[in-house]
**Q** 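Take a look at this one; I'll ask things after.
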Amino acid sequence: MLARTSRNCEPHDWRPTASDLPKLSKQVRIPHRVDDVFELVSDISRYPEFIKWIRSMKVTEKPAVGVIRRFRGEADVGFKGFSEVFSTDVEANPDTRTINVELVHGPFRRLKNRWKLEEVSGAGTRIEFFIDYEFRNPVLALLARANTDLAVNRIMKAFQDEADRRYGTSLD
C-alpha cells in the first residue's frame, strides 16, 4: 500500500512513472460492494485476523488531509522461519477508492503498494493491485523473487475469503 511523497507533490498524489512501474500488478473482480471492499483493505489493524503471516499490527493515526485518512502501520510478520518488523505510511482516499502505501523502515530496500477499487455495475468490485518491492537481505530477495506471484495470489485469496466472511457471498 503506497503513498508517494516528494518535495514536488502532495502525499496523496501518486502517479506511476516508468521508473515506478510495479514488480507485479494484478487485477481481480470480487462479488462485493466497492465501499465494503474499500473498508476491508483500508482497515489494516485487522490484517492479522486473516493474513496468516502477519502476527501483529500496530496502527497510529496521523492527521487527515481532507477526506484522506492517514496512518502508520507497524507489522510483525513471520514466514518460513523468518521474522521481521516493518512500518509503512498508508493513505486511504474514499473519493478515489485508492489505498497507497510507502515504506517507512524495515527489511526492504524499497516498498510501494497501491490498491485501486472500481465498482463494476451489478458485478461487484474490480481490484487493481500494484506492488514494487525489494528486500535488503539477499536470501529474502531470492525467496521473494521466486514466490511473488504465489504470495500475491494468497493475499488476494485472503481478502476474498475475508470479504465473504464479513459481507456474505452475495451482492444483495
Side-chain angles (χ1 to χ4, degrees), residues 1-17 20-77 84-108 110-121 124-133 151-152 154-168 171:
M1 304 174 194
L2 154 75
R4 180 183 168 107
T5 58
S6 76
R7 297 183 198 282
N8 299 326
C9 67
E10 293 297 315
H12 62 280
D13 185 21
W14 187 83
R15 289 185 290 258
T17 64
D20 288 329
L21 290 178
K23 292 224 179 212
L24 186 80
S25 63
K26 182 131 185 125
Q27 291 187 14
V28 297
R29 187 187 57 77
I30 63 173
H32 295 282
R33 292 181 182 91
V34 70
D35 291 335
D36 291 340
V37 177
F38 179 81
E39 182 58 35
L40 172 66
V41 175
S42 64
D43 187 5
I44 68 169
S45 66
R46 294 185 65 185
Y47 283 14
E49 295 175 19
F50 63 95
I51 301 175
K52 65 181 177 181
W53 58 83
I54 299 178
R55 295 189 288 211
S56 67
M57 177 74 74
K58 178 182 172 188
V59 178
T60 306
E61 294 285 329
K62 297 173 78 175
V65 177
V67 298
I68 300 170
R69 297 186 331 237
R70 300 171 61 222
F71 38 95
R72 178 163 290 171
E74 183 175 280
D76 177 5
V77 298
E84 295 287 348
V85 174
F86 67 96
S87 294
T88 57
D89 281 341
V90 178
E91 291 188 345
N93 185 333
D95 288 349
T96 61
R97 294 182 176 122
T98 55
I99 297 101
N100 296 313
V101 180
E102 183 174 287
L103 178 67
V104 175
H105 67 81
F108 299 96
R110 72 178 186 279
L111 172 65
K112 297 179 180 183
N113 176 227
R114 181 172 193 233
W115 299 75
K116 175 146 181 63
L117 311 174
E118 295 179 0
E119 183 175 4
V120 179
S121 182
T125 301
R126 179 178 32 253
I127 300 172
E128 294 179 17
F129 176 84
F130 303 93
I131 189 163
D132 180 11
Y133 70 96
V152 169
R154 285 186 178 170
I155 289 169
M156 291 293 111
K157 173 109 174 75
F159 278 95
Q160 170 74 52
D161 291 349
E162 182 63 9
D164 291 348
R165 188 189 70 74
R166 285 190 198 184
Y167 310 119
L171 284 172

**Q** For Pro107 and Val85, which heavy atoms make the closest approach, and how far apart are they?
**A**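 The answer is CD-O, 3.7 Å.
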**Q** The criterion is side chain to side chain contact (heavy atoms under 4.5 Å, CB included); which residues satisfy it with Lys52, sequence neighbours excluded?
**A**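 Lys52 satisfies side chain to side chain contact (heavy atoms under 4.5 Å, CB included) with no other residue.
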**Q** When rounded to the nearest 0.5 angstrom, what is the spacing between OG1 in Thr98 and CD1 in Ile68?
**A**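 It is 7.0 Å, given to the nearest 0.5 Å.
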**Q** What residues form a side chain to side chain contact (heavy atoms under 4.5 Å, CB included) with Val104, not counting sequence neighbours?
**A**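 Applying side chain to side chain contact (heavy atoms under 4.5 Å, CB included) to Val104 gives Arg72, Ser87, Asp89.
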**Q** Going by salt bridge (Lys or Arg N to Asp or Glu O under 4.0 Å), name the residues that satisfy it together with Asp43, two or more places apart in sequence or in a different chain.
**A**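 For Asp43 there are no salt bridge (Lys or Arg N to Asp or Glu O under 4.0 Å) partners, ignoring immediate neighbours.
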**Q** With sequence neighbours left out, write down each residue that passes salt bridge (Lys or Arg N to Asp or Glu O under 4.0 Å) with Asp76, or none if nothing qualifies.
**A**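 Asp76 satisfies salt bridge (Lys or Arg N to Asp or Glu O under 4.0 Å) with Arg55 only.
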**Q** State, to 0.1 Å, how close Asp36 and Tyr167 come at their nearest heavy-atom pair, and which atoms those are.
**A**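 Heavy-atom minimum between the residues: O-OH, 3.2 Å.
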**Q** Quick check: closest heavy atoms across Arg70 and Pro63, and the distance to 0.1 Å?
**A**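 Arg70 and Pro63 have their closest heavy atoms at NH1-O, 3.0 Å.
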**Q** Does Arg110 form a salt bridge (charged side-chain N to carboxylate O under 4.0 Å, His left out) with Asp132? I'd like the steps, not just the answer.
**A** CA-CA 7 Å; Arg110 72 178 186 279; Asp132 180 11; 2.9 Å; yes
**Q** Where is the tightest heavy-atom contact between Thr88 and Leu111, given as atom of each residue plus distance?
**A**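 Reported closest heavy-atom pair: CG2-CD2, 3.8 Å.
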**Q** Under the ring pair (Phe, Tyr, Trp, His ring centres under 6.0 Å) rule, collect the residues that match up with Phe86, sequence neighbours excluded.
**A**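 Counting only residues at least two positions away or on another chain, Phe86 forms a ring pair (Phe, Tyr, Trp, His ring centres under 6.0 Å) with Phe108.
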**Q** Search all heavy atoms of Leu103 against all heavy atoms of His105 and return the closest pair with its distance.
**A**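 In this case the closest contact between Leu103 and His105 is CD1-O, 3.5 Å.
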**Q** Counting only N and O atoms by type, is there a donor-acceptor contact under 3.5 Å from the side chain of Thr125 to the main-chain atoms of Ile30?
**A**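 Side chain of Thr125 to backbone of Ile30: no pair is present.
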**Q** Check this for me: Lys157, atom NZ, are more than 12 non-hydrogen atoms of other residues, nucleotides or ligands nearer than 6.0 Å?
**A**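 Open.
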**Q** List the residues meeting side chain to side chain contact (heavy atoms under 4.5 Å, CB included) with Glu118, not counting sequence neighbours, and say none if there are none.
**A**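 Lys116, Arg126, Glu128.
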**Q** Hey, are Ser42 and Arg69 close enough side-chain-wise for a donor-acceptor pair under 3.5 Å?
**A**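 Side-chain D/A pair, Arg69 to Ser42: present.
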**Q** For Trp53 versus Ile155, what's the shortest heavy-atom pair and its separation?
**A**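 Reported closest heavy-atom pair: CZ2-CG1, 3.5 Å.
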**Q** Please check this pair: side chain of Tyr47 against backbone of Ser56, looking for a donor-acceptor N/O pair closer than 3.5 Å.
**A**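 Not a single qualifying donor-acceptor pair exists.
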